Each structure stands twice: as C-alpha cells, then as structure tokens.
Amino acid sequence: MFECFHNFEFFRQTTSLKILFLTHSFNSLAQRLYVELMRCGHDISIEFDINDSVTQQAAELFQPDLIIAPFLKRAIPEVVWRIFTCFVVHPGIIGDRGPSALDWAIMKGHQEWGVTVLQANAEMDAGDIWAAEKFPMRFTTKSSLYRREVVEAATAAVLTAVRRFQSGIFKPISLDYSRSDILGRVHVPMRQFDRSIDWQRDSTLAILTKIHAADGFPGVLDTLFGQSYYLFDACSERYLTDKPGTIVAKRNNAICRATVDGAVWIGHLKPKNDTGPALKLAATTVLQDYLTDIPEVSYDPFYMPFDDTYRDIWFEQQGSVSYLYFEFYNGAMDSRQCKRLRDAYLKATESDVRVIVLMGGADFWSNGIHLNHIENAISPADESWRNINAMNDLVHAIITTDHQLTIAALQGNAGAGGVFLSLAADYVFARESVILNPHYKNMGNLYGSEYWTYLLPRRVNESQVKSIMQNRFPISALEARASGLIDDCFAVNREDFKKKIRCVAEAIATDPGFPELLTKKQCQRRVDERTKALQEYRNEELNQMQLNFYGFDPSYHVARYHFVYKIPHGWTPRYLAKHRALKSAKLI
Ligand code: COA
C-alpha cells in the first residue's frame, strides 16, 4: 500500500522534533518508543491521559511538532488534534477499528495481524494512515503478543511514520474500505459474554484461546467453588484429566481444571469484587481454603521432556552448560518462588557443569519482588521484608558460585530488583531490543537491595552509579552496553538471541582457559570479600529498606497500593512531564 511513497523518504530531514507522548501510562510500548525516538535525537516529553483539559494544557505548554499516543484508552480531544498532528498507535491491521483489537484477532484465529499508525481525527481509529506493519500470529497470550510482536511492529511503524512526517511532503492515505487490500473492519468491544467458557462443551483449545485473548486484562469471568473470578495465565496439560470442570490438581501457583478433551492449568485469578478493586494473585493463594483435598502434582525441574504442562522453573542441559529458565507471571518473584529458584540453582551448582545460564522468562527476565503478593499479605511490611531477603539469598547464591561461570541472558525486559539480580552473574547479555529499568525509586523511593551497592560499582563508575539510581527512565540494551552496565547485546529475534547465547556459553565452557577464568573469579571474590564483606553490603541496604517498609514515610506502601490496584494517575510525574518542569522554572 505504501510502496509508491517510499521515494519521499529520500527527503527525510535530520532535524529533531519536539514530540509529546500522550499515553494512559508509561508502559512497555511507550518506553520502547521513548528510547528509540530519543536515540534518533528527538526531544520527548510525556503526559498521561488524565482528562481533556490536562491534555490541552500539556500541548499548549510543550508546543510539540508532533503528538504520539502509544497507548490510549480514550479519544484525543478535538481542540488538540485540530491544532497538532497526532499519531495514534492502533494494535490492529489497516482498517481495523475499535477497542479489543488484539482480543478479537486471537479469538478469530487470524494468522496474521499488525499495527497501524493513524492520524487522530473526529472518528476513532479512522484517521489517515501514516504507516503500518504486519506480523504472523503466535498461539499465546494477548500480553505476550503485545510485549513482543506488537511492540516490535509498533516501533517500526512509528519510526517510519515519524520519518515520513519529517519529510514534510508525505501524504498519508485515507481509510477507504472499497480497496480490496484493506482487510480490517470496525468491531465492538469484547464483552464477558463473548469470552465465557462452557466447561461441559468447550475444547481445551477453545478454552485456552479465550483465556489467552483476555490475558493481562480483563481476564475471563468464570465460577469456581461458587464464587466469581477472572481467569489468567493458562496453559495446556498433557496427561491429567477428569470430569470436565473439576479441579484435578494443583502445582505451586496453578490449579489444573479438566476439560472435555484434557485439562488446562490456570496460574492466576482475580476475584470479582463489585465494591472495589481486587488483586490478581496466584490461583492457589486465592483458592487455598478450597484446595486442601486437591493433590499437589509436582514435577522435576531437571527432567521435563515436554512443555505442555505448567512449569515456572526448569533446566535444560547441553554438554557442560546448564540453562535455567524461570518463567514467573509478569516477572514478579514472591518469597517462595525466590526460594524454589535458589534451591534449583544451588542443585545445578552441585553438578559438574561448567557454565550456568540464567535464562529468566521469555517476556520478562525479572521484575523483582512480587508487589501483588506483598499487598495481599496480612502484614505487607513483613512480607516485603521476607521477599527482599529471599531475593537477596538468591542473589547471594549466584555471586558466591565458585565452581561455575554464570551468564544472565536477558531475552525479555527487566525492572528494578530484576535488573540487579542479573548483575549477580559473571556475564550479562541482553537481546538488542530489551528495555531495562535499573532503578527502584519509582516504587515510592524504595532504596533497593539485591546487593546493588556491590554489583553496580563493579560495572560502572561512581557518577554512573548515581545517575542510574537517580534517573527513573528506562534504558535500552544498547545504552546499557555503552555504559558497561551489561557486557553485550545482540539479535532482535528471540531464537537468534538464544542461538548466540548457546554459542557464547559453549565457547566459555570449552575454552582451554576455563580453569584460569574460574581461578580469576574465585580470587576476585576473595579480594572483594576482604575489602568489604557481602554481609556488610546487605546489612547497609536492608537498614534502608527497613525504613522503607517500617519507617514513618509510607511512600513505598502508597506507591505499591497504586501500582497493584492500577489506580489511575492523578497527574504525570514531573520527571516525565518535562514541559511542566519548564513551566515551574518560569514561574520561579
Ligand atoms: N510485582 C507484581 N506485579 C508486577 C511487578 C511486580 N514487581 N512488575 C510488573 N508487574 C505486573 C504489572 O502489575 C502488570 O500486571 P497486569 O498483568 O495485571 O497488567 C504486568 O506485570 C505488566 O506490567 P506493566 O507495568 O504493564 O509492564 P511494563 O513492561 O509496561 O513495565 C515495569 C515494566 C518493570 C517498568 C513495571 O511493571 C514496574 O515498574 N514494575 C514494578 C517493579 C518494582 O518496583 N519492583 C519492586 C522493587 S524490586
């Protein structure tokens, strides 16, 4: 569709643009676009979509050349799009219009889907088209599609659209349904009625499709033990089954429910609460009182020859390299998960492998302590304490590994404590389009632990330590490599990344110099320990964390509450809304 316009990009201007992001939140897509557009030299400020007058005010203050809406839940007000060119990122193919775009694409079983960048006008998603990208669909959750395919396609489409806008001569294409190549259509929002599961009739595939299409938000409303819950985080089960609808097993966080032709595991539930917000939690936590007679069907993380079952920690071994996967929902790690992961890790260190690769999860490497689980505890302060200590125990086990070399392989994004967990490894490699949030401050000025005061200065200089910890912005893997925070980044595609990681790990394991490398590591650890004991770093960090958890300043508890209950933002934090900081400076 856009072939005839490619020549116009020849006129691309190199001047930077003032771009205002108008977004519901600074989510993974907004963060990725932020780092990519900053890299192109653009000047970006961010405003959360709070209400029309705030949006108008932001545009007037910043006077942007262009407004980009990476993730919006409402229309852009007319007073804004009439004056400023506004690009809306729609997670659908050209012609697709309306909410629940990805939900319908999954439910309808489309083989191919896409992202369109269109110009806001009076009709929702019907504006002129500036760029579009397509991708093949995977049978997976909506959240996973969003974090991988949608983010990649949207990044490519937005960069193209911005270049076309800069050219000054590109004419966007109007939406014309009479064209045979426009396959998308207008659709209505998906309702719970469209998502509902009939356990006596629906096949495993149909049930998985429904839960996948609702993953992240809003979940599939269903009934369990007479109560209403939203279901999330489902996968198939190869062997277990029973009468359709019965809960046949539990395993760590998940319950296994029989279908007409097998069973599905459900990892997370959110109780339907008509009077207020509810928390999304592990299914076995939510239903614990009902599950006493349900058998716990465990598995061996070291021997799992098939993947159609529920597993959150598992190993693969090839030669003298062991790959440890930890696929925790949303990358959040509660105290028990940290302990299970540490136990599994320590078992791997007892084997004769030479290299242990920490693979994390495919979508998120790790996002640190489990804030929902903490919020749900009788004492969130005590649970925060337990969780950070469990994280620290895991990090300690990795730092003090003295018979293997370790690699952190970040296939997916990492945030807060998750980033510092990765720095515990001897080598840190990331996929090229990974985004890191190596700071804790956004969670109510949390000081952070995970031995960051030891791990960060090992990699970057003093002023970098300060700026990384103070700066609340996401950074790209490329920036992280440039600063020395990580060793290297390569490959955008996950399979290519994994192949390269295997090559690197095998090369280290078979290197004739391996014994010397190991000796060097052991000596360095001894020197570091003599200079300042790990326990001392831990104590100092935990003293600060104790203040965060138990002190007078409740900022961490307030920020966590807002985060887990997804309380809409009342204002945009000043570090994001640069235009508002400028305004305050003028007033002073
Ligand atoms: N605990 C519990 N849930 C978490 C989590 C954590 N540490 N980190 C992320 N999540 C959940 C989010 O609530 C969201 O849940 P949903 O499925 O109900 O929507 C989901 O993971 C995805 O998070 P989202 O913020 O939409 O992803 P993102 O890629 O846009 O942003 C982060 C990633 C890391 C920047 C952001 O999730 C974050 O700030 N997380 C908190 C990190 C933190 O402070 N950890 C504690 C200190 S160690």
Side-chain angles (χ1 to χ4, degrees), residues 23-35 70-71 141-144 146-148 150-151 214-219 230-233 253 267-270 277-282 285 328-335 337-338 361 363-377 380 383-385 387-392 394-395 410 412-422 433-452 469 472-475 541 545 548-549 555-557 559-567 569 573 576:
T23 187
H24 178 75
S25 68
F26 198 32
N27 75 343
S28 51
L29 173 57
Q31 295 194 1
R32 175 74 187 283
L33 293 177
Y34 176 84
V35 300
F71 169 44
T141 64
K142 177 173 63 169
S143 325
S144 184
Y146 186 84
R147 286 172 197 144
R148 298 201 211 171
V150 171
V151 167
D215 200 66
F217 181 81
Y230 295 95
L231 315 182
F232 303 89
D233 180 25
N253 282 350
H268 280 76
L269 299 175
K270 183 159 83 173
L279 275 179
K280 191 193 283 184
L281 291 164
T285 303
F328 300 125
Y329 189 66
N330 284 337
M333 299 166 64
D334 69 34
S335 314
Q337 286 167 324
C338 293
D363 286 353
F364 284 118
W365 197 80
S366 167
N367 280 330
I369 57 177
H370 199 311
L371 300 167
N372 291 38
H373 190 80
I374 288 169
E375 190 66 37
N376 185 55
E383 188 50 41
S384 301
W385 185 251
N387 204 159
I388 198 66
N389 274 288
M391 273 296 268
N392 284 353
L394 170 64
V395 175
L410 280 69
N413 296 351
V419 177
F420 299 101
L421 170 65
S422 76
S433 52
V434 152
I435 299 287
L436 303 174
N437 276 279
H439 44 76
Y440 299 90
K441 279 195 172 292
N442 281 348
M443 201 48 65
N445 265 329
L446 201 61
Y447 184 79
S449 192
E450 287 101 1
Y451 298 90
W452 74 263
M469 295 312 282
R472 299 168 180 224
F473 284 99
I475 62 171
E541 291 169 7
M545 289 296 256
N548 292 139
F549 299 158
S555 303
Y556 156 69
H557 297 288
R560 190 194 60 240
Y561 179 88
H562 279 76
F563 179 80
V564 300
Y565 286 113
K566 305 191 189 317
I567 308 290
H569 298 281
L576 297 176

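Computed from a predicted model, the values in this text were never measured in an experiment. Worth knowing before you read on, the calculation uses all heavy atoms, side chains too, and leaves out hydrogens, waters and symmetry mates. Both counts, for ligands and for their atoms, begin at 1 and track the order of listing.
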Mutual orientation of the aromatic rings belonging to W385 and F549 [parallel < 30°, tilted 30-60°, perpendicular > 60°]
perpendicular
Residue pairs passing the side-chain hydrogen bond (donor to acceptor under 3.5 Å, both in side chains) test where at least one lies in residues 365-377, sequence neighbours excluded:
E375-R560
Could you go through ligand 1 and list every pair where one of its N or O atoms sits under 3.5 Å from a protein N or O, giving the atom names and the distance to one decimal?
from: ligand 1; atom 1: 1 (N); to: L371; atom 2: N; distance (Å): 2.9
from: ligand 1; atom 1: 7 (N); to: N367; atom 2: O; distance (Å): 3.1
from: ligand 1; atom 1: 7 (N); to: I369; atom 2: O; distance (Å): 2.8
from: ligand 1; atom 1: 13 (O); to: K566; atom 2: NZ; distance (Å): 3.1
from: ligand 1; atom 1: 15 (O); to: N330; atom 2: ND2; distance (Å): 3.3
from: ligand 1; atom 1: 15 (O); to: K566; atom 2: NZ; distance (Å): 3.4
from: ligand 1; atom 1: 17 (O); to: K280; atom 2: NZ; distance (Å): 2.9
from: ligand 1; atom 1: 17 (O); to: N330; atom 2: ND2; distance (Å): 3.0
from: ligand 1; atom 1: 18 (O); to: K280; atom 2: NZ; distance (Å): 2.9
from: ligand 1; atom 1: 18 (O); to: K566; atom 2: NZ; distance (Å): 3.3
from: ligand 1; atom 1: 21 (O); to: N330; atom 2: OD1; distance (Å): 3.4
from: ligand 1; atom 1: 21 (O); to: N330; atom 2: ND2; distance (Å): 3.2
from: ligand 1; atom 1: 30 (O); to: S28; atom 2: N; distance (Å): 2.7
from: ligand 1; atom 1: 45 (N); to: N367; atom 2: O; distance (Å): 3.2

Distance-only donor-acceptor check, side chains S555 and N445, under 3.5 Å
no
Tell me every residue that passes salt bridge (charged side-chain N to carboxylate O under 4.0 Å, His left out) with R148, counting only those two or more places apart in sequence or in another chain.
D363
Go through the steps for K280 and Y329 under the test side chain to side chain contact (heavy atoms under 4.5 Å, CB included), then give the verdict.
CA-CA 11 Å; K280 191 193 283 184; Y329 189 66; 3.3 Å; yes
Tell me, please, which residues at least two apart from N27 pass side chain to side chain contact (heavy atoms under 4.5 Å, CB included).
S25, L29, A30, F71, Y146
